Protein chains: 2
Amino acid sequence: MLMDPRTLARHEARAQVFKALAHPSRLLMVDELMQSERCVCELTALVGSDMSTVSKHLSVLKTAGVVADERRGAQIWYRLRMKCVARFFACVDSELQRQAREQFDLVHADTVPK
Amino acid sequence: MLMDPRTLARHEARAQVFKALAHPSRLLMVDELMQSERCVCELTALVGSDMSTVSKHLSVLKTAGVVADERRGAQIWYRLRMKCVARFFACVDSELQRQAREQFDLVHADTVPK
DNA sequence: CCGCCATTTGGCTAAACTGCCAAGTGTGCA
DNA sequence: TGCACACTTGGCAGTTTAGCCAAATGGCGG
């Protein structure tokens, strides 16, 4: 992969964001954080994994710049930092739905001629 | 991870899209496809990997619904199917840039008192 | 039908990712 | 100071992913 270092670096940084979002548990947490900030214990209850696992997931999201954390006493609260994921989620959902519909129409094109 | 199957399925499908985008080479190709459709040979030249590797990358993007392909003679042309990635890329870039700036300001807060 | 070209698929190894347990860190309270 | 609580980090085994080569597929011009 030979290319301009600046362009390469941009794609690396972008890829890190996508990598961070490329896991069902992490998506679930981000979805939850769209509503409001949450402590680790709440997110742990949400995804149902070991707290150490959840903590590592949060670390991935934080390193990528998707979320931010703040300690308040013994607890640590996470909030969504990259707000635009919300709009993208909606777009992905509607696009996937559209594709599923097209697929359905194709399969049934012979049984229900237009 | 115990949760409602519908919600789970939605997050799985979303995660597949993000996983597909979570690789520098694939991001580079998607970026290129924002401009116009491209054949495999053009994309191979762009990323500079083996054509078999590029083909597999494209297969990942296609399965996730991000791109679509069409055979024309001996060549196969790929086009961007999930158009909204463009807007999201722009948002991610500006957000990452903002974060980098904030980080810079923090580090130099003592040397350049406001 | 044959050879050539563009692309995909199979197979293999190295690297990265996941998730659990155990151990470590930081905070508040007695 | 000591202990309980919230969370993070280290480490390990199992799974997935990446990228190369080689082999197979599909289409086109003889």
Side-chain angles (χ1 to χ4, degrees), chain A residues 1-3 8 11-30 32-33 36-79, chain B residues 1-3 8 11-30 32-33 37-79 81:
Chain A
M1 203 163 32
L2 37 113
M3 63 182 308
L8 179 68
H11 286 285
E12 292 281 6
R14 278 184 185 169
Q16 201 179 21
V17 173
F18 283 106
K19 250 185 272 201
L21 294 168
H23 190 289
S25 298
R26 294 198 288 262
L27 283 182
L28 182 56
M29 292 192 282
V30 168
E32 185 74 6
L33 292 175
S36 150
E37 61 179 7
R38 295 278 189 269
C39 66
V40 180
C41 55
E42 288 173 321
L43 295 170
T44 299
L46 176 71
V47 306
S49 301
D50 193 278
M51 185 179 274
S52 69
T53 300
V54 171
S55 177
K56 279 181 185 171
H57 279 314
L58 287 167
S59 165
V60 171
L61 288 169
K62 183 175 142 188
T63 302
V66 178
V67 304
D69 64 339
E70 181 190 346
R71 179 181 279 277
R72 261 178 242 149
Q75 308 191 98
I76 299 185
W77 293 80
Y78 282 84
R79 64 180 172 78
Chain B
M1 206 166 27
L2 36 113
M3 63 180 308
L8 178 67
H11 286 284
E12 291 282 6
R14 278 183 186 171
Q16 201 178 18
V17 172
F18 284 106
K19 253 185 271 202
L21 294 169
H23 190 287
S25 299
R26 293 199 287 263
L27 282 183
L28 182 56
M29 293 193 280
V30 167
E32 185 74 6
L33 292 174
E37 61 179 7
R38 296 278 189 269
C39 66
V40 180
C41 53
E42 289 173 322
L43 295 170
T44 299
L46 177 70
V47 306
S49 302
D50 193 277
M51 185 180 273
S52 69
T53 300
V54 171
S55 176
K56 280 179 185 171
H57 279 314
L58 287 167
S59 165
V60 171
L61 288 169
K62 183 174 141 188
T63 302
V66 178
V67 304
D69 64 340
E70 181 190 346
R71 179 180 280 278
R72 259 177 245 152
Q75 310 190 95
I76 299 185
W77 293 80
Y78 282 84
R79 64 179 172 79
R81 196 176 185 191

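Since the model is a prediction, treat every value here as computed from it, not as a measurement. Residue numbers begin at 1 in each chain, while the letters A, B, ... track the order of the sequences.
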Do the non-hydrogen side-chain atoms of B/Arg14 and A/Leu21 ever get within less than 4.5 Å of each other? no
Phosphate-side-chain proximity, B/Ser55 and C/dT8, N/O vs OP1/OP2 below 4.0 Å: yes
With sugar-phosphate meaning primed atoms plus P, OP1 and OP2, does B/Arg26 contact a base, only sugar-phosphate, or nothing at under 4.0 Å between heavy atoms? sugar-phosphate
With sugar-phosphate meaning primed atoms plus P, OP1 and OP2, does A/Lys56 contact a base, only sugar-phosphate, or nothing at under 4.0 Å between heavy atoms? base
Could you report the tightest heavy-atom contact between B/Pro24 and A/Glu12, atom names first, then the distance? CG-OE1, 3.5 Å
Between P of D/dA6 and CD of A/Glu70, the distance in whole Å: 18 Å
To the nearest angstrom, the CG-C1' distance between A/Asp69 and C/dG26 comes to 14 Å
CG of B/Leu61 versus C1' of D/dT17: gap in Å, rounded? 14 Å
Ignoring the backbone of B/Ala74, work out which of D/dC7, C/dT8, D/dG26 is nearest its side chain. D/dG26
Rounding to a whole Å, what distance do you find between B/Asp50:CG and D/dA22:P? 10 Å
NZ of A/Lys62 versus P of D/dT9: gap in Å, rounded? 7 Å
Tell me the interatomic distance from A/Met51, atom CE, to C/dT25, atom C1', rounded to whole angstroms. 14 Å
How many whole angstroms separate atom CZ of B/Arg71 from atom P of C/dT7? 9 Å
Measure the distance from NE2 on A/His57 to C1' on C/dC17 and round it to the nearest whole Å. 10 Å
Short side-chain N/O contact to D/dG19 OP1/OP2 from B/His23, under 4.0 Å: yes
Do the side-chain N or O atoms of A/Tyr78 get closer than 4.0 angstrom to the phosphate oxygens (OP1, OP2) of D/dT8? yes
What does B/Ser52 touch in the nucleic acid at a heavy-atom separation under 4.0 angstrom: a base, only the sugar-phosphate, or nothing? base
Heavy-atom pair of closest approach, residues B/Tyr78 and B/Val40: CE1-CG2, 3.6 Å
Nearest atoms (heavy-atom pairs only) where A/Glu32 meets A/Leu46: CB-CD2, 3.7 Å
For DNA chain D, whose closest nucleotide is more 5', that of A/Ser59 or that of A/Gln75? A/Gln75
So, does A/Ser49 get its side chain near the phosphate of C/dG19, meaning an N or O under 4.0 Å from OP1 or OP2? no
Shortest non-hydrogen contact from A/Gln75 toward A/Cys39: OE1-SG, 3.7 Å
